[in-house]
Amino acid sequence: MGLLTSILSISLGAILINNFIFSQFLGCCPFLGCSSKVDTAVGMGLAVTFVMGLASAICSLINTYILVAETSIFGVDLSFLQTLTFILVIAALVQFVEMFLKKAIPSLYSALGIYLPLITTNCAVLGVVLLNVQNSYNFIESTVYGITGGLGFLLAIVLFASVRERVQFAEYPESFEGFPICLVTASLLALAFMGFSGMKIF
């Protein structure tokens with residue numbers, strides 16, 4: 001399989017077939033917390049996409065040239081430090097995003113609130129860098145997987161936010177008011193995304 005086919009397969013898989021939210025159920029905390037309005041959802045989705053893409057690229061280089069014994073510049077197998085190293089990289093990137101938004105877009109910074117620093121512990125961001133290692137992706141494939149995984153998160157949270165805005169004006173049983181109707185909506189969207197599960201790239 002050529003590089004172009006591999007990249008196309010990774011992209012479609014991350015965005016539609018194996019969407020981090022609707023298929024792998026990773027990153028549900030900011031997904032549910034920042035999806036009440038489309039504007040906030042777009043901001044969170046872009047922030048997560050930036051962090052996932054950059055974290056995938058940086059962690060791939062660190063893993064290849066520092067942690068793995070065969071290619072390590074130190075000649076020592078430090079792969080047992082992968083999780084710790086990846087978390088530190090993600091935390092640094094989130095801090096950068098947080099400072100940038102606070103300075104450049106304070107309204108979005110306020111709207112995201114506590115969920116912005118929580119990107120550090122967002123299991124989708126850590127999940128994508130660990131999956132890069134597990135799937136033995138090279139630097140290009142890792143970067144593509146990180147960016148398209150973030151775009152899949154962006155697609156999911158924006159779709160969910162737009163549906164939630166409409167659901168506010170819909171009629172449904174009183175017992176579903178609040179969080180329960182959000183879970184029902186997310187479940188229906190996840191079922192819809194299951195329609196992509198049969199797609200294959202040859």
Using side-chain contact (heavy atoms from CB on, under 4.5 Å) as the criterion, point out the one residue from Val48, Leu131, Val125, Ile15 that pairs with Phe20.
-> Leu131

Between Leu78 and Leu84, is there a shared hydrophobic cluster once you connect ILVMFWY residues whose side-chain heavy atoms come closer than 4.5 Å?
-> yes

If you take all heavy atoms of Gly27 and Phe153, which pair is closest and at what distance?
-> O-CE1, 3.6 Å

Are Ile62 and Leu81 joined in one hydrophobic group, where the rule is that I, L, V, M, F, W and Y side chains link up if heavy atoms are under 4.5 Å apart?
-> yes

Check the hydrophobic clustering (I, L, V, M, F, W, Y; side-chain heavy atoms under 4.5 Å; chains of links allowed) and say if Leu159 and Val163 are grouped together.
-> no

With rounding to the nearest 0.5 Å, note down the distance linking CG in Asn63 to CZ in Phe86.
-> 4.5 Å

Give a yes or no on whether the backbone of Leu130 and the side-chain of Gln82 come within a donor-acceptor separation of less than 3.5 Å.
-> no

Separation between OG1 (Thr143) and CE (Met52), nearest 0.5 Å, reads 12.5 Å

Please work out whether the ring planes of Phe100 and Phe96 are parallel, tilted or perpendicular, with thresholds of 30° and 60°.
-> parallel

For the side chain of Ser9 and the backbone of Thr5, is there at least one donor-acceptor N/O pair under 3.5 Å apart?
-> no

What pair of heavy atoms forms the shortest contact from Glu177 to Tyr172, and how long is it?
-> CA-CE1, 3.7 Å

Kindly indicate, with the supporting measurements, whether the criterion side-chain contact (heavy atoms from CB on, under 4.5 Å) is fulfilled by Ile105 and Tyr109.
-> CA-CA 6 Å; Ile105 318 174; Tyr109 175 80; over 6 Å; no

Look up atom CG in Leu93 and atom CZ in Phe50, then write down how far apart they are to the nearest 0.5 Å.
-> 6.5 Å

Thr64/Val68 under side-chain contact (heavy atoms from CB on, under 4.5 Å): CA gap, chis, key distance, verdict | CA-CA 6 Å; Thr64 301; Val68 179; 6.0 Å; no

Under 3.5 Å, is there a donor-acceptor pair between the side chain of Glu141 and the main chain of Asn138?
-> yes

What pair of heavy atoms forms the shortest contact from Ala41 to Leu154, and how long is it?
-> O-CD1, 4.3 Å

Judged by atom type as modelled, is there a donor-acceptor pair below 3.5 Å linking the side chain of Ser60 to the main-chain atoms of Ala57?
-> no

Starting from the C-alpha separation in whole Å, work towards a yes-or-no answer on side-chain contact (heavy atoms from CB on, under 4.5 Å) for Ser11 and Val144.
-> CA-CA 7 Å; Ser11 301; Val144 168; 3.5 Å; yes

First locate atom SG of Cys182, then atom CZ of Phe160, and finally report the distance between them rounded to the nearest 0.5 Å.
-> 5.0 Å

State yes or no: do Tyr65 and Phe139 share one hydrophobic cluster built from I, L, V, M, F, W and Y residues joined by side-chain heavy-atom distances below 4.5 Å, directly or via other members?
-> yes

Report the relative orientation of the aromatic rings in Phe31 and Phe22; use parallel for angles under 30°, tilted for 30 to 60°, perpendicular for over 60°.
-> perpendicular

Return yes if some donor-acceptor pair links the side-chain N/O of Asn19 with the main-chain N/O of Gly152 below 3.5 Å, else return no.
-> yes

Any side-chain heavy atom of Phe196 within less than 4.5 Å of one from Ser23?
-> no

CE (Met99) with more than 12 external heavy atoms under 6.0 Å = yes

CD of Gln168 to NZ of Lys37, rounded to nearest 0.5 Å, is 9.0 Å

In short, Gly149 meets Ala14 closest at the heavy-atom pair N-CB, 3.6 Å

Nearest heavy atoms of Ser56 and Val128, plus distance in Å | OG-CG1, 3.7 Å

Distance from Leu67 atom CG to Leu61 atom CG, nearest 0.5 Å?
-> 11.0 Å

So if you build clusters from Ile, Leu, Val, Met, Phe, Trp, Tyr with side-chain heavy-atom gaps below 4.5 Å, do Ile10 and Ile140 land together?
-> yes

Donor-acceptor contact below 3.5 Å, side chain Arg164 vs main chain Leu32 | yes

